[in-house]
J.: 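Okay, handing you the structure first.
If you read the sequence from its start, that first residue is 1, and numbering goes on from there.
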Amino acid sequence: MIEAVEKAVDLDAAFARHGADFYFSMAASLPIEERLEYWKRMVHVDFDHTSSILKLTVKTFDPQSSQKIASVIIGESERLINDLSLKARNGVLKASQDEVALAEGRLSAARNGLRNFRDVSQEADPVEAAKLAGQLVASLEQQLTQLHTDLMTARTRMAADSPRMRVLTTQIDSLEKQLAQEKQRFGSGTAGGAGGSDVATRIRQYEELETEREFAEKAYTGALASLEKARIDANNQQRYLATFIQPTLSEEAQYPSRLMMSALVFLGCIFAWGVCVMGYYNIRDRN
């Protein structure tokens with residue numbers, strides 16, 4: 001604090017000897033340790049633990065210097081408290097901000113993976129596509145069953161080489177081929193197949209990516225909530241210095257108490273004179 005005040009106030013001039021007052025003055029070019037001891041005699045801070053109010057008192061040889069030193073002390077104290085509060089706040093928020101950044105990166109990666117999958121597969125949702133394909137297969141199987149029924153009925157009435165029989169046979173062959181192709185899209189029919197273009201494989205990949213995206217979104221939401229809570233807690237714990245009485249300019253010298261100190265010096269001199277006189281008469285009487 002002494003070094004900070006010295007940047008704005010010449011302490012050597014403020015506390016220099018005024019007239020014959022050598023006792024309360026400060027000699028020039030003192031080491032910082034002795035300047036600190038003198039500073040503690042001239043600057044006092046009283047703290048009321050009940051009301052949390054601090055009272056600053058500065059003593060110099062003129063009121064202007066006292067007011068200026070007090071103003072610089074208050075300004076430096078505000079800067080120090082603000083720096084401490086900012087460091088504490090940043091320390092509390094840093095961990096939460098790191099978690100948010102990590103969750104945001106994970107969510108971005110999950111979304112990119114899902115978008116790349118859709119670009120490659122050209123399907124927004126393989127599950128819905130599989131439902132539509134399943135409905136198509138069911139419709140084809142229904143048509144094929146109906147054609148087989150019609151073929152069996154026609155065999156009882158027509159010859160095998162009749163036009164109606166040939167048409168039914170051709171339709172059945174076409175439907176069987178189309179049905180086989182549609183079923184092949186669902187999978188190879190063997191566990192652990194190496195194919196990666198069938199519906200089952202695409203659904204598995206999509207579900208993995210979608211699960212990762214949902215988990216990343218929940219983690220990101222939780223990280224944001226933790227960050228907001230940490231920000232609120234940091235703001236509630238913030239320290240500040242509110243100056244409700246600015247440094248005042250004294251109109252009358254309060255220190256030193258000249259009459260009392262003169263009386264004390266006079267009484268001390270009388271006491272010393274009395275001791276000397278008594279010692280003198282005691283030595284004379286003994287001789």
J.: Would you mind listing the cluster partners of Tyr220? Hydrophobic ones only (ILVMFWY), side-chain contacts under 4.5 Å, chaining allowed.
T.: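 In the cluster with Tyr220 are Leu93, Val100, Leu107, Leu224, Leu227.
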
J.: Begin from the C-alpha positions of Phe15 and Phe61 and carry the test ring pair (Phe, Tyr, Trp, His ring centres under 6.0 Å) through to its verdict.
T.: CA-CA 7 Å; Phe15 294 124; Phe61 293 99; 7.2 Å; no

J.: Looking only at heavy atoms, which two atoms of Glu212 and Ala110 are closest? And how far apart?
T.: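 For Glu212 and Ala110, the tightest heavy-atom pair comes out as CG-CB, 3.9 Å.
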
J.: Does any part of the side chain of Pro31, heavy atoms only, come nearer than 4.5 Å to the side chain of Glu34, both counted from C-beta?
T.: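 SC-SC contact between Glu34 and Pro31 confirmed.
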
J.: Would you check, one step at a time, whether the test side chain to side chain contact (heavy atoms under 4.5 Å, CB included) holds for Val5 with Trp39?
T.: CA-CA 11 Å; Val5 172; Trp39 175 273; 3.9 Å; yes

J.: Nearest 0.5 Å, please: how far is CD in Glu210 from CD in Gln205?
T.: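 Spacing of CD (Gln205) from CD (Glu210) equals 14.0 Å.
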
J.: Between Thr243 and Ile245 (side chain of the first, backbone of the second, donor and acceptor by atom type, cut-off under 3.5 Å), is there such a pair?
T.: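 Such a contact is absent between Thr243 side chain and Ile245 backbone.
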
J.: Name every donor-acceptor pair, under 3.5 Å, that has one atom in a side chain of residues 259-281 and the other anywhere in the protein, sequence neighbours excluded.
T.:
{"unit_1": "Ser262", "atom_1": "OG", "unit_2": "Arg258", "atom_2": "O", "d": "2.7"}

J.: Looking only at heavy atoms, what is the nearest atom pair of Glu217 and Arg213, with distance?
T.: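 Shortest heavy-atom separation between Glu217 and Arg213 comes out as OE2-NH1, 2.6 Å.
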
J.: Please find the pair of heavy atoms, one from Thr60 and one from Ala14, that lie closest to each other, and give the distance.
T.: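 Nearest pair, atom of Thr60 first, then Ala14: CB-O, 4.4 Å.
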
J.: With heavy-atom distances below 4.5 Å as the criterion, would you say the side chains of Phe215 and Arg106 are in contact?
T.: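 A side-chain contact under 4.5 Å exists here.
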
J.: Ser65 and Asp62: side-chain donor and acceptor closer than 3.5 Å?
T.: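 Side-chain D/A pair, Ser65 to Asp62: present.
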
J.: Taking atom CE of Met42 and atom CG of Leu11, what is their separation to the nearest 0.5 Å?
T.: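 The CE atom of Met42 sits 11.0 Å away from the CG atom of Leu11.
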
J.: Please report the interatomic distance CD1(Ile81) to CD(Glu78), rounded to the nearest 0.5 Å.
T.: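 Going from the CD1 atom of Ile81 to the CD atom of Glu78 covers 7.5 Å.
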
J.: Check whether Val72 and Val45 end up in the same hydrophobic cluster, where Ile, Leu, Val, Met, Phe, Trp and Tyr are linked by side-chain heavy atoms less than 4.5 Å apart.
T.: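 Yes, because Val72 and Val45 connect within a single hydrophobic cluster, where side-chain heavy atoms sit under 4.5 Å apart.
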
J.: Do you see a donor-acceptor pair shorter than 3.5 Å between the side chains of Arg79 and Asn82?
T.: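 Checked: Arg79/Asn82 side chains show no N/O donor-acceptor pair below 3.5 Å.
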
J.: Which atom names give the shortest non-hydrogen contact between Leu249 and Gln67, and what distance separates them?
T.: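 It is CD1-OE1, 3.5 Å.
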
J.: Walk me through whether Asp173 and Thr170 qualify under side chain to side chain donor-acceptor pair (under 3.5 Å).
T.: CA-CA 5 Å; Asp173 292 339; Thr170 303; 5.7 Å; no

J.: Could you tell me which non-hydrogen atom of Ile2 sits nearest to which non-hydrogen atom of Leu36, and how far apart they are?
T.: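 Closest approach of Ile2 to Leu36: CD1-CA, 3.7 Å.
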
J.: After noting the C-alpha distance and the side-chain angles of Met26 and Asp12, does the key distance pass the side chain to side chain contact (heavy atoms under 4.5 Å, CB included) rule?
T.: CA-CA 7 Å; Met26 182 182 70; Asp12 289 336; 3.5 Å; yes

J.: Distance alone, cut at 3.5 Å: any donor-acceptor contact between the side chains of Ser226 and Ser96?
T.: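 Result is no, nothing qualifies.
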
J.: Quick one: CZ on Arg231 to NZ on Lys229, what's the gap to the nearest 0.5 Å?
T.: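 That separation rounds to 13.0 Å.
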
J.: Starting at CG of Leu56, measure out to OG of Ser77 and round the result to the nearest 0.5 Å.
T.: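 Going from CG on Leu56 over to OG on Ser77, the span is 7.5 Å.
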
J.: Taking all non-hydrogen atoms of both residues, which atom of Ile74 and which atom of Pro247 are closest, and how far apart?
T.: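 Looking at all heavy atoms of both residues, the shortest contact is CD1-CG, 3.6 Å.
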
J.: Starting at CG of Leu30, measure out to CD of Glu37 and round the result to the nearest 0.5 Å.
T.: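 Going from the CG atom of Leu30 to the CD atom of Glu37 covers 11.5 Å.
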
J.: Using a 4.5 Å cut-off on heavy atoms from C-beta on, say whether the side chain of His44 contacts that of Lys59.
T.: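 Of all side-chain heavy-atom pairs linking His44 with Lys59, at least one is under 4.5 Å.
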
J.: Ion pair present between Lys218 and Glu214, side-chain N to carboxylate O less than 4.0 angstrom?
T.: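 Between Glu214 and Lys218 there is no salt bridge, as every charged N stays at least 4.0 Å from the carboxylate O atoms.
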
J.: So, the side chain of Glu99 versus the backbone of Ala223: is there a donor-acceptor pair under 3.5 Å, distance only?
T.: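 Judged by distance alone, no pair lies under 3.5 Å.
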
J.: Check the pair Val43, Ile73 against side chain to side chain contact (heavy atoms under 4.5 Å, CB included), reporting the backbone distance first and the verdict last.
T.: CA-CA 10 Å; Val43 179; Ile73 291 175; 4.0 Å; yes

J.: Is there side-chain contact between Phe47 and Ile53, with at least one heavy-atom pair below 4.5 Å?
T.: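 Contact flag for Phe47/Ile53 side chains = no.
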
